[in-house]
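Working notes, structure below.
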Amino acid sequence: MNIARIASLVHKWLALLIGLQIVFWVVSGLFFTLYPIEQIRSEHLVRPTEPRPIEMGSLDFTSIRNGDGAAPIKLTVENRAYGQVVLAEFAAGEPLLIDASTLRPISPISRERAIEIARGHIMLESAPAAVERITEHLPEYRGLLPAWRVRFPEHGLAVYVAANTGAVTARRSDLWRIYDTLWALHIMDWENHENFNHPLIIIVAWLTLFSVIAGVALIPYRFRWSRKAR
């Protein structure tokens, strides 16, 4: 069996075996080039914030404790749209969001506060279409739990607000969902959409490389046959 026949068999059968995945790679790769990642992440919908100075005042942060009486290992003072807050993190247990002016706990935040945070975070003027409390990870959200999912009618946008920190932890639009589906097909991780080092994609990548090498090896033979035909 000559080299041309071996290369032809390798190229043909490997192309039949992995051809659909190659189509997925090309289609998803084309989609990735059409939209900037900032648009996928809905960054163009985020409301710009004006910087404001932190006012420490004379508050005694040493009095901050969680429900178990433990002192925090980290304190972060932030300016939010609804005022200045302190985010206290502990060695064990959930973080605690505190009103910096009174040192009273704000978290877990209410449904109404979650709506206020979500609406203040984006530039959409419409009212939320639905608000849900999330206690388990979803295919489109694997951030801090529990969280509030505030859905808006435009762009199929969902804004996730962590209940214990009051922070916006994710934005998910219809465009993001299409991107995520194509990304899962691209890296062949159809469950978690994260792992691009698993054995299946490595094997298929090697098979694709062998198919391409076989196709390149056929080029001189194909040109020679076309000349003979003429």
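Along the sequence shown, the residues carry numbers beginning at 1. It should be emphasised that the depicted structure is a prediction, and the values quoted were computed from it without experimental measurement.
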Exercise for the section: For atom OH of Y35, decide whether the heavy atoms of other residues, nucleotides or ligands shown that lie under 6.0 angstrom number more than 12. Expected result: no

Worksheet item: Ignoring hydrogens and geometry, is there a side-chain-to-backbone donor-acceptor pair from D189 to E194 under 3.5 Å?
Response: yes

Scanning both residues in full, the closest heavy-atom pair of G166 with I117 reads O-CD1, 3.5 Å

In this structure, CG of L144 is separated from CG of N164 (nearest 0.5 Å) by 8.0 Å

Distance col, row R119:CZ vs R47:CZ, nearest 0.5 angstrom, shows 9.0 Å

Do I106 and R113 touch side chain to side chain, with heavy atoms closer than 4.5 Å?
yes

On a heavy-atom basis, the closest approach of W25 and H186 is NE1-O, 2.7 Å

On a heavy-atom basis, the closest approach of I40 and S173 is O-OG, 4.1 Å

Excluding V23, membership of its hydrophobic cluster (Ile, Leu, Val, Met, Phe, Trp, Tyr; side-chain heavy atoms within less than 4.5 Å) reads V27

To the nearest 0.5 Å, atom CH2 of W176 lies from atom CG of L157 at 12.0 Å

Interatomic distance, CD1@I64 vs CG@L103, rounded to 0.5 Å, equals 5.5 Å

Derivation of the side-chain contact (heavy atoms from CB on, under 4.5 Å) call for H155 and L175: CA-CA 8 Å; H155 313 287; L175 184 60; over 6 Å; no

Would you find a donor on one side and an acceptor on the other, under 3.5 Å apart, between the side chain of W148 and the backbone of I109?
yes

Could you tell me whether E136 atom CD has more than 12 heavy atoms of other residues or ligands within 6.0 Å of it? no

Interatomic distance, CZ@R142 vs CG@L145, rounded to 0.5 Å, equals 11.5 Å

Answer with yes or no whether the hydrophobic clustering places I203 together with M188; edges join I, L, V, M, F, W, Y residues whose side-chain heavy atoms lie under 4.5 Å apart. yes

So side chain to side chain donor-acceptor pair (under 3.5 Å) across residues 63-76, not counting sequence neighbours, yields none

- Query: Under 3.5 Å, side chain of R171 to main-chain N/O of R41, donor-acceptor pair present?
  - Reply: yes

Exercise for the section: State plainly whether one hydrophobic cluster holds both L20 and I22, where clusters connect Ile, Leu, Val, Met, Phe, Trp and Tyr through side-chain heavy atoms under 4.5 angstrom apart. Expected result: yes

Taking H198 for its side chain and I187 for its backbone only, find out whether a donor-acceptor pair lies under 3.5 Å.
-> yes

Paired with S107, the side chain to side chain contact (heavy atoms under 4.5 Å, CB included) test is passed by just one of L87, V85, L96, T165, namely L96

Q | Residues R177 and D174 bridged, charged N to O under 4.0 Å | A | yes

I122-I37 co-clustered via ILVMFWY side chain contacts under 4.5 Å: no

Item to check | Linked, directly or transitively: L185 and L207 (ILVMFWY side chains, under 4.5 Å) | outcome: yes

Flag yes if more than 12 heavy atoms outside R52 fall under 6.0 Å of its CZ atom; otherwise flag no.
yes

### Query
Are any non-hydrogen side-chain atoms of E154 and S126 less than 4.5 angstrom apart?
yes

Output for pair (I115 CD1, F152 CZ), nearest 0.5 Å, gives 8.5 Å

Do the side chains of R80 and L97 get nearer than 4.5 Å, heavy atoms only?
yes

**Asked** For the residue pair Y179 and F31, does the interplanar ring angle fall in the parallel (under 30°), tilted (30 to 60°) or perpendicular (over 60°) class?
**Response** tilted

Applying side-chain contact (heavy atoms from CB on, under 4.5 Å) to L209 and not counting sequence neighbours gives W206, I213

Hey, quick one: are V131 and I134 part of the same hydrophobic cluster, counting side-chain heavy atoms closer than 4.5 Å, chains of contacts allowed?
no

Here the pair of heavy atoms bringing S28 nearest to L182 is CB-O, 3.7 Å

Closest heavy-atom pair, E89 versus P95, reported as atoms and distance to 0.1 Å, is CG-CB, 4.4 Å

Determine, for Y141 and R149, whether the Lys NZ or Arg CZ falls below 6.0 Å from the six-membered ring centre while staying within 45 degrees of the axis.
no

